[in-house]
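As structure tokens, the structure follows; a few thoughts come after it.
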Amino acid sequence: MHLHLRDGEQMQAVLPDTVKRFARAIVMPNLQSPVITTELALAYSSRISSALTANIGMKFEPLMTLYLTDNTKCSEIKKAKASGIIHGVKFYPAGTTTNSDTGVTDIAKCFPVLEAMEQENIALLVHGEINDPKIDIFDKEKYFIDRVLVTIAQHFPNLRIVFEHITTKEAVDFVKESSENIGATITAHHLLLNRNAMLQGGIHPHYYCLPVLKREIHRLALIEAAVSGDQKFFLGTDSAPHSKSTKESDCGCAGIYSSHAAIELYAEIFEQADALEKLEGFASFFGADFYGLPRNRESITLTKESWNVPMEFEFAGETLVPLRAGRSMIWKILD
Ligand code: DOR
Ligand code: ZN
């Protein structure tokens, strides 16, 4: 329920990994030229469909999103709803992450649009980090809750909100205590790793993502939420491919690629927490329910069989270093 598919040849390279494991995905709109209108979303959706046709036999439904800006019009929300393919509008506080420069500078400017979304029943998807450069990077999610999210939730009690890729105990508590209209996605990497993985024994750029990995107490709170069976928490990989050269750089990009092994990694986490029976709800039911989509009826099969993740994948003339590169996996998906 949260995926970066990119565009063009990069999309062609990564799409098969997702389609092998998921029948649909909420597709993020932060392309280099962001998807700010329904027209652009329709065009992006048909580029995804063409890429699927090119890889014969791949069945997959892209659930499109719009990128919110200070200038988004209420009429655009009506158009989005009428399109039937747009399931959410993504709020990136300007400057917080990849291609967020045209994001929202002050959410108060968007209140009329949020009201239109509330009326049209289109979900608001939030990148939950405050865009105040004075705030410590490890505290940006907490400040976003206190200064932004609480206000939105108070003003728009009927707006459905997905707090994306939550990373802290504060976020878990906020979602638990909120109304049924607020849910959250949790990534595999935030369940698997804490900030030591990124910074201990050298700097590991392939573990750099946003929101940045946090302390162990936060990772444990995320695991508890994910395996709890609470339907407010559901799967969203935030798989975000960047080429090896742009990650291994003096100003490396944020994003972790996990689509090649996503469901297998979640299975590992749930098994370690002795909660494999809770995986299906988290991975397949709760997100669909939140978005008002029918639950999928087809299934995939995972077996306990070890395999090694390749060191790199081909990525539009460059390479891509996946999560767990060169190391072994416990669960395998049956072809
Ligand atoms: O790590 C991230 N990568 N976080 C985001 O919010 C954006 C994403 C990307 O598009 O690369
Ligand atoms: Zn994302």
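Just follow the structure's listing: the first ligand is 1, and inside any ligand the first atom is 1.
- Rounded to the nearest 10 degrees, the angle NE2 (His2) to the Zn ion (ligand 2) to NE2 (His4) equals 110°.
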message: Set out, in order, the CA-CA distance, both residues' side-chain angles and the distance that settles side-chain contact (heavy atoms from CB on, under 4.5 Å) for Asn30 and His4, then state yes or no.
response: CA-CA 8 Å; Asn30 65 330; His4 297 271; 2.9 Å; yes
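- Considering backbone and side-chain atoms alike, Tyr92 places every N or O at 3.5 Å or more from each N or O of ligand 1.
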message: Walk me through whether Phe286 and Phe233 qualify under ring-ring contact (aromatic ring centres under 6.0 Å, His included).
response: CA-CA 7 Å; Phe286 305 155; Phe233 300 99; 9.6 Å; no
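- Taking the six-membered ring where tryptophan is involved, the planes of Tyr207 and His204 are tilted, since the angle between them lies from 30° to 60°.
- Using a cut-off of 2.8 Å, one finds that His127 contributes no N/O/S atom close to the Zn ion (ligand 2).
- Between Tyr291 and Phe234, the ring planes are perpendicular. Angles over 60° get that label, and only those under 30° would be called parallel.
- For the 3.5 Å distance criterion, the side chains of Glu314 and Thr319 fail to qualify, holding no donor opposite an acceptor.
- Contact atoms of ligand 1 toward Ala240: 3 (N), 8 (C), 9 (C), 11 (O) (distance under 4.0 Å to a heavy atom of the residue).
- A heavy-atom separation below 4.0 Å is found between His242 and ligand 1.
- Summary of contacts: the protein heavy atom closest to atom 1 (O) of ligand 1 is Leu210 N, 2.8 Å.
- Within the 2.8 Å limit, His165 places no N, O or S atom next to the Zn ion (ligand 2).
- Of all the N, O or S atoms in Asp238, the one closest to the Zn ion (ligand 2) is OD1.
- Each of the following atoms of ligand 1 lies closer than 4.0 Å to a heavy atom of Cys209: 1 (O).
- Among all protein heavy atoms, the one lying closest to atom 7 (C) of ligand 1 is Thr97 OG1, 3.2 Å.
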- request: Kindly determine whether His127 and His165 satisfy ring-ring contact (aromatic ring centres under 6.0 Å, His included), including the steps that lead there.
  value: CA-CA 8 Å; His127 180 101; His165 43 52; 4.8 Å; yes
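- Counting heavy atoms closer than 4.0 Å to ligand 1, residue Ala254 contributes atoms from both its backbone and its side chain.
- Using a 4.5 Å cut-off on side-chain heavy atoms (C-beta onward), Lys232 and Glu180 make contact.
- Here His127 has side-chain heavy atoms under 4.0 Å from ligand 1, and that is the only part of it that gets that close.
- With a 4.0 Å heavy-atom cut-off, ligand 1 is reached by no atom of Thr96.
- Under the 4.5 Å side-chain criterion, counting only non-hydrogen atoms from C-beta, Leu265 is not in contact with Trp331.
- Between the side chains of Thr187 and Thr237, no donor-acceptor pair of N or O atoms lies under 3.5 Å.
- Looking only at atom types and distance, the side chain of Glu318 has a donor-acceptor partner in the side chain of Ser245 under 3.5 Å away.
- For atom 9 (C) of ligand 1, the nearest non-hydrogen atom of the protein is Thr98 OG1, 3.3 Å.
- Using a 4.0 Å cutoff on heavy atoms, His2 does not count as a contact of ligand 1.
- Proximity of Arg6 to ligand 1, defined as any heavy-atom pair under 4.0 Å, is confined to the side chain (atoms from C-beta onward).
- Using a distance-only test at 3.5 Å, with no hydrogens or angles considered, a donor-acceptor pair links the side chain of Arg21 to the main chain of Asp17.
- Of the polar atoms of Gly255, at least one N or O is found under 3.5 Å from an N or O of ligand 1, judged by distance alone.
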